[in-house]
Amino acid sequence: MRTAAAVTPAKGLWLSLLVYSSLYLFLGLVVAVLLRRQFLASPQPDELAAAATEEGPH
Amino acid sequence: MGLTIALSPAEAVAVLMLIALAIYVLLGGADYGAGVWDLPATGPRAAAQRNLIAQALGPVWEANHVWLIIVIVLLFTAFPAAFSAIMTTLHIPLSLMLVGVVLRGSAFTFRSYDVSDVDKHRWNRVFSIPSVITPLLLGTVIGAIATGEPGRALATSGPALWFSTWLRPFPLVVGLFALNIFAFLTAVYLTLETSDSELRDDFRLRALIAAVSLGGMAWAVYNLARIDAHQVFEGLTTSSLGPPIRYATGAFALAALVSLWLRWFHLARITAMAHVILILWGCALAQYPLLVPPKITIMSDAASPLVQKLLLWALAAGSVILLPSIYYLLSIFKGHTFLGPRAVRGDSFKQE
């Protein structure tokens with residue numbers, strides 16, 4: 001069976017392709033934005049070092 | 001193994017599909033219901049309600065959807081013609097459902113990783129709105145299959161954009177029925193998730209409302225089936241098992257309602273689960289042996305017996321890992337909901 005023979009008889013496949021592609025593009029963008037926010041909200045190395053010396057070794 | 005001797009391999013696979021679907025409804029359904037109750041969270045305890053929902057759902061929601069994957073894999077391996085008929089003629093509601101599943105899963109995860117409260121609230125919406133729409137579509141697909149329209153459409157029409165297969169009164173009412181079932185189950189489950197009596201009463205009230213409206217929905221589905229899904233409706237009325245299943249379903253519904261009223265929440269949960277399982281078995285019994293009415297049956301459509309036997313072995317092997325894992329997961333995260341008023345004593349035993 002060739003791909004052309006196996007294709008669904010449902011019409012409007014381009015719309016499905018468009019919807020799924022934009023959905024995953026959107027999710028990818030969201031992941032990038034969230035990672036950046038996490039990165040910006042996390043402490044800088046010097047802040048971490050300061051916190052570590054304040055607490056002292058366990 | 002006595003079961004597989006009495007049933008053909010294809011029938012055994014069909015029974016296992018139904019069991020997996022029942023577990024999906026009991027676990028995954030509650031997962032959708034959690035999103036549903038997130039929307040109308042209001043009043044002084046709105047934040048507490050949302051927190052309870054998120055805590056109850058957090059550790060288990062991904063595992064809950066394993067059961068739908070099992071049903072779909074079994075369907076396309078064991079009954080390819082039924083799979084192809086359903087996936088082509090109902091591809092619009094199924095695609096929308098898939099988008100809903102993806103969106104709510106991602107939103108639930110994004111919510112935990114976002115920084116500000118405003119953004120978290122926004123992800124909450126992206127989680128709860130698809131939580132309403134996705135079960136609506138799942139029910140619509142099941143209702144549409146029962147009408148026989150998808151089966152007829154595939155046989156008669158050429159390439160098409162299929163709306164008439166599912167945009168009909170009966171499938172849409174079955175969609176609402178499914179949504180109502182899930183909302184009811186979740187509200188009942190949530191009464192056992194908290195020790196705060198006010199919060200518990202919020203969900204007790206929601207469960208009672210959902211139970212009453214479920215009765216109305218069941219009546220609507222039953223009467224619409226007479227017109228719109230008569231082949232399946234006849235299956236329910238002519239089968240000798242039909243009346244006992246119907247009476248038992250009603251009895252468990254009443255038992256759930258009474259035990260909620262009397263605040264016997266553990267009994268309410270068991271009777272609500274039995275009630276929902278019986279609804280599902282009633283539908284399956286009505287449709288048996290049809291997979292996709294009017295023509296595709298378990299016997300006519302099954303892949304070769306060798307495939308079915310291999311599938312059964314694969315399922316047996318898989319369940320050695322899956323079942324203990326699920327048990328372990330639920331006993332860790334849901335164990336506390338099995339402890340009753342006597343739990344305090346049980347806890348002190350554990351600590352000794």
Side-chain angles (χ1 to χ4, degrees), chain A, chain B residues 76 80-81 83-120 122-123 125-127 130 133-134 137 141 144 149-166:
Chain A
M1 185 186 255
R2 286 173 175 267
T3 311
V7 76
T8 171
K11 276 188 175 172
L13 275 189
W14 58 271
L15 188 67
S16 294
L17 179 69
L18 207 69
V19 168
Y20 286 122
S21 309
S22 33
L23 175 66
Y24 280 92
L25 206 65
F26 166 71
L27 292 179
L29 280 175
V30 169
V31 170
V33 169
L34 288 185
L35 277 178
R36 200 181 118 81
R37 276 188 194 165
Q38 287 281 330
F39 178 71
L40 292 178
S42 62
Q44 297 292 319
D46 50 331
E47 287 171 346
L48 269 180
T53 48
E54 265 171 42
E55 275 179 32
H58 288 287
Chain B
F76 71 63
F83 178 81
S84 142
I86 294 168
M87 293 295 151
T88 47
T89 57
L90 295 168
H91 91 103
I92 296 173
L94 286 167
S95 300
L96 292 173
M97 201 185 133
L98 187 57
V99 171
V101 169
V102 169
L103 270 182
R104 65 189 292 283
S106 331
F108 194 73
T109 309
F110 291 160
R111 178 168 67 176
S112 329
Y113 287 99
D114 215 333
V115 181
S116 78
D117 279 343
V118 181
D119 291 314
K120 283 187 181 178
R122 191 178 300 149
W123 289 123
R125 279 288 132 101
V126 184
F127 164 66
I133 295 170
T134 310
L137 290 164
V141 166
E149 285 304 318
R152 275 189 288 274
L154 196 70
T156 54
S157 82
L161 257 182
W162 281 294
F163 283 104
S164 61
T165 46
W166 59 282

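Chain letters run A, B, ... following the sequence lines, proteins first, then strands; residues in each count from 1. Keep in mind that what you see is a predicted model, and the values were worked out from it rather than measured.
Within the 4.5 Å cutoff, no side-chain heavy atoms of A:Tyr20 are placed close to those of B:Val102. Side-chain contact check for B:Met87 versus A:Thr8: every heavy-atom pair is 4.5 Å or farther apart. At a threshold of 4.5 Å between non-hydrogen side-chain atoms, the residues B:Tyr113 and A:Val30 do not count as touching. Using a 4.5 Å cut-off on side-chain heavy atoms (C-beta onward), A:Phe26 and B:Ser106 make no contact.
If you take OG on A:Ser16 and CG on B:Leu94, they are separated by 11.0 Å, rounding to the nearest 0.5 Å.
For A:Leu27, the parts lying under 4.5 angstrom from a heavy atom of chain B are both the backbone and the side chain. Interface remark: A:Val33 contributes no atoms to any contact with chain B (heavy atom separation under 4.5 Å).
Here the closest heavy-atom approach between residue B:His91 and residue A:Lys11 is recorded as NE2-O, 4.0 Å. For the pair B:Thr88 and A:Ala10, the tightest heavy-atom approach, listed with the atom from each and the gap, is O-CB, 4.0 Å.
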Under the side-chain contact (heavy atoms from CB on, under 4.5 Å) rule, what do B:Leu103 and A:Leu23 come out as? Steps first, then yes or no, please. CA-CA 9 Å; B:Leu103 270 182; A:Leu23 175 66; 4.0 Å; yes
